[in-house]
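Single-structure report; data block below.
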Amino acid sequence: SIAKLKEIIQKNNIDPQIIIRGGQMADKALLDRNLYPMLVEMAVKEGLISPDKVQQGFDPKLIAGASTAGKLAQMIVDGA
C-alpha cells in the first residue's frame, strides 16, 4: 500500500527516485531478462534488498515487487 511504502521510505530515509528507477528497470527486465542481474545489483547496492534474499536465477516475485513499488513510489512523489 502507499501508506506502508511511505512509512518505509521515511523510516529508512530512502530516496523515492531510487525505487522508481528500480521499478522501471524491473519493467524492462520483464521484456529483456539480460537486465535482471543489473536490477538485482542496483537493489542490493541501494540497500533495497539484502543479498541473502536474492534467489538464484530470474525471480518473478522480485520483478513484480519492484515494479509495484516503483509505481507506488511514483504516486507518492506525485502527491498521492
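For this chain, numbers begin at 1 and follow the sequence in order. Since the model is a prediction, treat every value here as computed from it, not as a measurement.
Distance check, rounded to the nearest 0.5 Å: CE of Met38 to CE of Met25 gives 5.5 Å. Note that CD1 of Ile14 and CD1 of Ile8 are 7.5 Å apart. Values are rounded to the nearest 0.5 Å. Distance check, rounded to the nearest 0.5 Å: CD1 of Ile19 to NZ of Lys71 gives 13.5 Å. The CZ atom of Arg33 lies 8.5 Å from the CD1 atom of Ile63; values are rounded to the nearest 0.5 Å. To the nearest 0.5 Å, the span separating CG on Leu48 from CZ on Arg21 amounts to 10.0 Å.
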Under the criterion side chain to side chain contact (heavy atoms under 4.5 Å, CB included), I'd like the reasoning laid out for Met75 against Leu5: C-alpha separation, chi angles, the key distance, then a yes or no.
CA-CA 11 Å; Met75 292 170 72; Leu5 184 59; over 6 Å; no

Any chance you could lay out the side chain to side chain contact (heavy atoms under 4.5 Å, CB included) test for Leu31 and Lys28, step after step, and finish with the verdict?
CA-CA 5 Å; Leu31 301 173; Lys28 290 176 183 174; 5.9 Å; no

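Counted within 6.0 Å of CD on Glu41, heavy atoms from surrounding residues, nucleotides or ligands total 12 or fewer; the atom is thus considered open. A 6.0 Å sphere centred on CG of Asn13 holds no more than 12 heavy atoms belonging to other residues, nucleotides or ligands.
When side chains are defined from C-beta on, Leu62 does not count as touching Val54, because their heavy atoms never get closer than 4.5 Å. In this structure the side chain of Gln17 reaches within 4.5 angstrom of the side chain of Val77, judged on heavy atoms.
Residues Ala26 and Ser67 approach most closely at CB-N, 3.8 Å, considering heavy atoms. Between Val44 and Pro51, the shortest heavy-atom distance links the atoms CG1-CG, 3.7 Å. Residues Asp52 and Ser50 share a closest heavy-atom pair of OD1-OG, 2.6 Å. A pairwise comparison of heavy atoms in Ala73 and Ile20 identifies CB-CG1, 3.7 Å as the closest pair.
Contacts of Asp32 classified as side-chain contact (heavy atoms from CB on, under 4.5 Å), with partners at least two apart in sequence or in another chain: Asn34, Leu35.
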